[in-house]
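Following: one structure in structure tokens, then a few remarks.
Hydrogens, waters and symmetry mates play no part in the numbers below; they use all other heavy atoms, side chains included. In what follows, chains carry the letters A, B, and so on, assigned in the order in which the sequence lines appear, proteins first and then strands, with residues in each chain numbered from 1.
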2 protein chains.
Amino acid sequence: MDALDRRAPALLATLGVRGPQSRTQLARGLGLSPATVTQLTRQLLTAGVIGEVDSVPSRGGRPATLLALTNRRAGAIGVKVSPSRITVVPVQMDGAVGERTVAEFDPGAPEALEVLADTIATQVQEFDGVLLGVGVGLPGAVDDQARGVVDAPTLGWSGMAVGDYLRRTLPQPVPVLLDNDVNTLAVAEHMYGEAGRHPSPLIVTIGHGIGCAIVAGGRLHRGFRGGAGELGHVPVALDGPECRCGNRGCLEALVGDDALAQRARERGIVGPQEGKSELNDRALGGHPGAIQLFEEAGTLLGRTLAGLAQVVDPDVLVILGEGTDVWELWRPSFTMALRRHLLPDRRSIPIVMEDWPDDRWAAGAASLVLFSPFDTDGLGGDQGELVRTRLHRGLTEAVEA
Amino acid sequence: MDALDRRAPALLATLGVRGPQSRTQLARGLGLSPATVTQLTRQLLTAGVIGEVDSVPSRGGRPATLLALTNRRAGAIGVKVSPSRITVVPVQMDGAVGERTVAEFDPGAPEALEVLADTIATQVQEFDGVLLGVGVGLPGAVDDQARGVVDAPTLGWSGMAVGDYLRRTLPQPVPVLLDNDVNTLAVAEHMYGEAGRHPSPLIVTIGHGIGCAIVAGGRLHRGFRGGAGELGHVPVALDGPECRCGNRGCLEALVGDDALAQRARERGIVGPQEGKSELNDRALGGHPGAIQLFEEAGTLLGRTLAGLAQVVDPDVLVILGEGTDVWELWRPSFTMALRRHLLPDRRSIPIVMEDWPDDRWAAGAASLVLFSPFDTDGLGGDQGELVRTRLHRGLTEAVEA
DNA sequence: CGGACTTACTTTAGTCACGAACAAAGGGAC
DNA sequence: GTCCCTTTGTTCGTGACTAAAGTAAGTCCG
């Protein structure tokens, strides 16, 4: 009964995320035989962790019995760290997002980590139900997932052992998982979004930074030491402006929010004190120069992604991020440039734009934790293992109490 | 004893490819526990398929006993299909390459498949030892690995069921595996070359075409329907020359062999009837214009690969292909452009150039077959399964006979 | 209204691979 | 030499998972 099943957490998580399911559905979803699911569910049924809740009318055969969690109060806390603020949200396993906390943040300050830990701590103490862990998404590469060592030029962090610090400092011992914020988005998309219906999506984020995540066969490509997806620093112009990474001609230095705002100021489209949001307003209001700016950006992004798609061959393109609020301005030129530079038989690749508001990024980070029961490769390291045992134990104890 | 072990073929293949190994080495290499290896090897030992051949002096512990195949006459036939010819070579499991057959080929001819099958058939009948299968590498995407459906614009093939045809036509029933030629190279590199010592290499081929293969965590990224790696058709110039794919500004249309030769003719570096090899000669002879041509190509390739490396984050860059015979001409500008456009902490990525003569491509295709015993994901489909059983049965029968 | 067909589970018997403890076979320090 | 350490390999018991065959519970059709 006390077996540290690797499968039981995955089964529980499936019921938590996808809602009530029959045994057969579970078997297919988890890649197990029906026999195994019978065994597993019997244990969980007698333990009272799950229960038979309903039965669906049959479509020509024996009707299926739906299983569901008897106690679904389990979830994770998601954290998004950006250069100016921290967003923290509690997320239940079924995807329900709780009330968020936003705190000002100066990543360069000496007490930055302390502030981060404090902000998270409040939410940890107030969490309703079984807290499986804390997922943190940040703009940068996570060198060692197990220890949580972060390299994030955007934040000015290099070799910061963020994971270790949080684990030591949080008010209760709770698993902490870190990853690049675009990667967390990719995981969330895979679990809840459009990308989950495709085996090999290419996920692109536009906004302040430009990033991407490559998923192949349901597997996130993290690259050597977690540095994959730096789409923003792909060189696209020979003599482009200098980028904050130090190089010249980076995509981000041409179509990132700051770059667009800068160019708009140079061209007199917005005033010297104005920025991206004013540019958006002008363009939506019909200002030809502003519209042209987005057209240029769309072309550049389209061409760059065409190149990437030639090499990676995804089956869908998912666009999201802050920048998508004016996606209609990018779309025409983007689509044209993309299709024009793709091999003929790939031009029909679907493009999906998803709205993904600010706190959803944080919710995405929580998915990092909520996904770990499914993570068969152990990419989450020992922290992933901790999440799994917490899920099993947490739910079982909740029932016994 | 007749167990269709999934593991036994992998073990046999390890011994065939890597040579004699101790049980502990095998366990580590195959990701099995020592206990399991003991069980497996006992069966194979009593069956006489493998034997204890030697023992190595210890380094502070019990000395290891080396195991080896008692009958190593097993291998595959590799085929490389190019627009002008077919190269066929027999390859033994230890990597030894036999004598090659080269045949003229016109992929557009109505009897093209017939010619292909005939050329392979001769080698099949003459094969020395247990023939595990035939591996075919071709310039194009293999839509469905199991059925072997090929889309290859270079050959003018679209939806050709090459695999099915060969399986029906070859003189004996033998597994046939097909893949993109760069993918086969990647597999060969993974098994025998430098890339095998790195978990996430990016493999780039230069020559007539420009291609690449992305390997992540020992896994080849094949893309949706096998179309990944079309590096040659990444757009790199706004108003570049028209490419044979129909688009403009493709990398291949700027730095491929034909493009270089064309440009050399335009600039009067070689005569109107001369081509790439004359260009090589001029450049190696010190012709400034010719040298500059390679410099430009190196810069372009370097910049493009920098972009790709930002997104994919490989741990090594492996360059090979016909074009590498004059790699020294590309190298300086390539290296500079690459490093200049990489994020600072990635600039130290190692670059390895490997010599890979023409018939090695065919040998690479054979690796497709020789690798399938290790292919735990079953990417080779039922053909991979066939290869595994042939390996096991073939070697066992060879001993009994 | 009963048989043919479908689909959903369950039981059984067995395989595969592993962890843990143990045995074997050396090196090195004193 | 004689401990102790390191590394290799083996034995044994166990647990996870499965295939195959059986059972349950419905629909559909004549």
Check: What are the two closest heavy atoms between B:Q21 and B:Q25, and how far apart are they?
Finding: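 Closest heavy-atom pair between B:Q21 and B:Q25: CA-OE1, 3.5 Å.
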
Between [X] and [N], is there a contact of a side-chain N or O with OP1 or OP2 at under 4.0 Å?
X: A:T24; N: C:dC9; value: yes
X: A:T65; N: C:dA8; value: no
X: A:S22; N: C:dC9; value: yes

Euclidean distance, atom [atom1] of residue [X] to atom [atom2] of [N] [Å, nearest integer]:
X: A:R42; N: D:dA16; atom1: CZ; atom2: P; value: 14 Å
X: B:Q25; N: D:dG9; atom1: CD; atom2: C1'; value: 13 Å
X: A:L40; N: C:dT10; atom1: CG; atom2: C1'; value: 14 Å
X: A:D54; N: C:dA8; atom1: CG; atom2: P; value: 15 Å
X: A:L11; N: D:dA16; atom1: CG; atom2: P; value: 14 Å
X: B:R28; N: C:dA17; atom1: CZ; atom2: P; value: 19 Å
X: B:Q21; N: D:dG9; atom1: CD; atom2: C1'; value: 16 Å
X: A:L26; N: C:dA8; atom1: CG; atom2: C1'; value: 13 Å

Could I get the full list of side chain to side chain contact (heavy atoms under 4.5 Å, CB included) partners for [X], not counting sequence neighbours?
X: B:S55; answer: none
X: B:D164; answer: B:R147, B:A161, B:R167, B:R168
X: B:S200; answer: B:D315
X: B:T36; answer: B:L32, B:S33

Checklist line | Contact letters for nucleotides 18-29 of chain C, in which S counts primed atoms plus P, OP1 and OP2 and B counts the base, heavy atoms under 4.0 Å | finding: BB----BBBS--

Item checked: Pair A:R388 + A:D375: basic N to acidic O under 4.0 Å ->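 Not counted as a salt bridge, because no side-chain N and carboxylate O are separated by less than 4.0 Å.
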
Notebook entry, point to check: Listed by chain and number, what are the side-chain hydrogen bond (donor to acceptor under 3.5 Å, both in side chains) partners of B:D313, not counting sequence neighbours?
Noted result: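 side-chain hydrogen bond (donor to acceptor under 3.5 Å, both in side chains) check on B:D313 returns nothing, list empty.
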
